[in-house]
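Since the structure is predicted, the reported quantities are computational estimates derived from the model, not experimental observations.
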Amino acid sequence: MTSELDIFVGNTTLIDEDVYRLWLDGYSVNDAVALRVRSGILEQTGATAGVLQSDTMDHYRTFHMLERLLHAPPKLLHQLIFQIPPSRQALLIERYYTFDEAFVREVLGKKLSKGTKKDLDDISTKTGITLKSCRRQFDNFKRVFKVVEEMRGSLVDNIQQHFLLSDRLARDYAAIVFFANNRFETGKKKLQYLSFGDFAFCAELMIQNWTLGAVDSQMDDMDVDLDKEFLQDLKELKVLVADKDLLDLHKSLVCTALRGKLSVFSEMETNFKNLSRGLVNVAAKLTHNKDVRDLFVDLVEKFVEPCRSDHWPLSDVRLFLNQYSVSVHSLDGFRHQTLWDRYMGTLRGCLLRLYHD
């Protein structure tokens, strides 16, 4: 008696997304097996504990072999050892470079060096993210930074080209690189209410308007370094608060335009000069590296906190900043309109994002 047996042979590398996530999260094989058992997979598949252990170990071995390729994603696309469909390759890359909000918030703006890496034990304890996952995420930040920091051209485009990330993730990495390069302070207690998304939003505005690349697309490091000449020129804005006649006229123009439109009009009128001095003095101090690093601390101290203490609703903040910015164009004695627009266009967007009423 003969029997027929159909056999199918394939060489496509199988990727279990759930096991991949456990590996990325830094769980050991045994911990991953325990979590898979808890999810009910044995009942769902009818597999034995031994088979599940072997399956998990097999996946972990595959991920370890793939990891060196994930460090340089284009290599994953061009290698011939692992037969992985393009959609699966994209998933592997995207998830490998995805990071935890709680983790990035702890290292944002810090130097991506061995000194910061020594703090990962404490960050792991504080955030509840495994040390292995913290190291992967930190090494990813550092790897991307090292590859793109000296490149000419768009920071987002360079990251996408060399790491094949989605547009959104590439923009997030651009913010991380930009903050690491300029060492913006984000860890002070008064800044803890701000999310990574808040800072990333501001980073994108600054990259678009305050960097060398904002004025010359052929400049080296165009999207990483702030335009030093622009920062030096910002001292010219000091006249807006140093010249009493200009300050009084600016206040008059803003108050006339906003009378009857703000619920906090009397508070705005009373505090106008202090708010204006705060915003202009932030600009004038950006010639010093320390003041650049403290930009977000200064914005919160000089503008956000005073407005919040007077209970300004966000709608009033928006109306005020818009009118405050455009009224300068009606000051006949002021000669730095283009510089002002470049500064306040970005600052207005950042302040509206930083203001949580």
Side-chain angles (χ1 to χ4, degrees), residues 101 105 108-109 168 171-172 174-175 178-179 182 184-186 188 190-211 214 226 230 234 237 240-241 250-251 253-255 257-286 291-329 337-357:
E101 163 92 19
R105 201 53 193 83
L108 188 65
R168 182 63 269 160
R171 290 180 185 281
D172 285 344
F178 183 70
F179 266 65
N182 293 287
F184 291 111
E185 173 62 59
T186 67
K188 291 282 179 68
K190 64 179 58 192
L191 300 179
Q192 289 306 303
Y193 76 97
L194 296 170
S195 68
F196 168 72
D198 294 329
F199 287 116
F201 177 86
C202 295
E204 192 161 344
L205 287 178
M206 286 189 280
I207 288 170
Q208 290 170 354
N209 298 293
W210 288 6
T211 61
L226 290 167
F230 164 66
L234 287 176
L237 301 182
L240 285 171
V241 293
H250 192 190
K251 176 181 177 180
L253 288 170
V254 173
C255 289
L258 294 180
R259 193 178 304 277
K261 296 179 181 177
L262 297 185
S263 62
V264 290
F265 180 83
S266 61
E267 291 87 346
M268 182 277 292
E269 189 174 31
T270 300
N271 293 324
F272 179 90
K273 292 184 178 181
N274 285 334
L275 292 174
S276 188
R277 287 190 186 100
L279 295 177
V280 172
N281 287 337
V282 165
K285 292 195 305 177
L286 289 179
D291 292 307
V292 170
R293 288 198 295 270
D294 287 339
L295 173 64
F296 293 98
V297 176
D298 289 340
L299 292 180
V300 169
E301 285 183 350
K302 306 296 185 186
F303 186 85
V304 174
E305 287 180 346
C307 292
R308 192 184 287 152
S309 67
D310 281 338
H311 307 293
W312 287 43
L314 181 59
S315 57
D316 279 7
V317 173
R318 181 176 288 105
L319 280 172
F320 170 76
L321 287 172
N322 288 344
Q323 195 59 48
Y324 177 79
S325 300
V326 301
S327 293
V328 165
H329 290 274
Q337 310 287 3
T338 302
L339 181 68
W340 173 254
D341 288 343
R342 187 178 175 189
Y343 172 66
M344 274 307 297
T346 294
L347 204 71
R348 180 172 66 244
C350 287
L351 287 170
L352 290 172
R353 185 66 185 238
L354 300 182
Y355 194 83
H356 297 188
D357 59 343

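- When every heavy atom of Cys255 is checked against every heavy atom of Met268, the shortest pair comes out as SG-CE, 4.0 Å.
- Checked against salt bridge (charged side-chain N to carboxylate O under 4.0 Å, His left out), Lys285 has the following partners two or more places apart in sequence or in another chain: Asp291, Asp298.
- Screening residues 265-276 for salt bridge (Lys or Arg N to Asp or Glu O under 4.0 Å), with sequence neighbours left out, gives Asp248-Lys273.
- One finds the CD atom of Glu305 at 11.5 Å from the CG atom of Leu354 (value rounded to the nearest 0.5 Å).
- Among all heavy-atom pairs drawn from Ala175 and Ala203, the shortest one is CB-CB, 3.7 Å.
- Residues satisfying the side chain to side chain donor-acceptor pair (under 3.5 Å) criterion with Asn182, sequence neighbours excluded, are absent altogether.
- With rounding to the nearest 0.5 Å, the separation of CZ in Arg342 from CH2 in Trp210 is 9.5 Å.
- Across Leu191 and Arg105, no two heavy atoms sit closer than the pair O-NH2, 2.8 Å.
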Show me the donor-acceptor pairs within less than 3.5 Å that the side chains of residues 346-353 make with the rest of the protein, sequence neighbours left out.
residue : atom : partner : partner atom : Å
Thr346  : OG1  : Asn209  : ND2          : 3.1
Arg348  : NE   : Asn322  : OD1          : 3.3
Arg348  : NH1  : Ser325  : OG           : 3.1
Arg353  : NE   : Asp198  : OD1          : 2.7

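- Legend: residues meeting side chain to side chain contact (heavy atoms under 4.5 Å, CB included) with His329, ordered by chain and number and at least two apart, are Gln337, Asp341.
- No cation-pi contact links Arg259 to Phe265, judged by a cut-off of 6.0 Å to the six-membered ring centre and 45° from its axis.
- Separating the CG atom in Leu321 from the CG atom in Leu279 is a distance of 7.0 Å, to the nearest 0.5 Å.
- Gln323 meets the side chain to side chain contact (heavy atoms under 4.5 Å, CB included) test with Val254, Ala257, Leu258, Val326, Ser327; sequence neighbours excluded.
- A distance-only check finds no donor-acceptor pair linking the side chain of Glu185 to the backbone of Leu295 [under 3.5 Å].
- Two residues are said to be in side-chain contact when any heavy atoms from C-beta on lie closer than 4.5 Å; Leu339 and Phe230 meet this criterion.
- In this structure Thr270 satisfies the side chain to side chain donor-acceptor pair (under 3.5 Å) test with no other residue, sequence neighbours excluded.
- In terms of heavy-atom proximity, Lys302 sits nearest to Gly278 at CB-CA, 4.0 Å.
- Atoms CZ and CD1, from Arg171 and Ile207 in turn, are 9.5 Å apart once rounded to the nearest 0.5 Å.
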Show your working on side-chain contact (heavy atoms from CB on, under 4.5 Å) between Leu226 and Val292 and close with a plain yes or no. CA-CA 10 Å; Leu226 290 167; Val292 170; 3.7 Å; yes
Please report the C-alpha distance between Phe201 and Phe196 in whole Å, then the side-chain angles of each, then the deciding distance to 0.1 Å, and finally whether the side-chain contact (heavy atoms from CB on, under 4.5 Å) criterion is met. CA-CA 9 Å; Phe201 177 86; Phe196 168 72; over 6 Å; no
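- Ala283 meets the side chain to side chain contact (heavy atoms under 4.5 Å, CB included) test with Leu234, Leu237, Tyr343; sequence neighbours excluded.
- For the pair His250 and Ser276, the tightest heavy-atom approach, listed with the atom from each and the gap, is ND1-OG, 4.4 Å.
- Atoms CG and CZ, on Leu275 and Phe272 in that order, are 8.0 Å from each other to the nearest 0.5 Å.
- From Glu204, atom CD reaches atom CZ of Phe199 across 15.5 Å, with rounding to the nearest 0.5 Å.
- Judged as a salt bridge (charged side-chain N to carboxylate O under 4.0 Å, His left out), and not counting sequence neighbours, the contacts of Glu301 are Lys190.
- Listed by chain and residue number, Phe184 satisfy the ring-ring contact (aromatic ring centres under 6.0 Å, His included) test with Phe178 (two or more places apart in sequence, or in another chain).
- With sequence neighbours excluded, the residues satisfying ring-ring contact (aromatic ring centres under 6.0 Å, His included) with Phe320 are Trp312, Tyr324.
- Residues satisfying the ring-ring contact (aromatic ring centres under 6.0 Å, His included) criterion with Tyr193, sequence neighbours excluded, are His356.
- Side-chain contact between Leu319 and Leu262: present, with at least one pair of heavy atoms (C-beta onward) separated by less than 4.5 Å.
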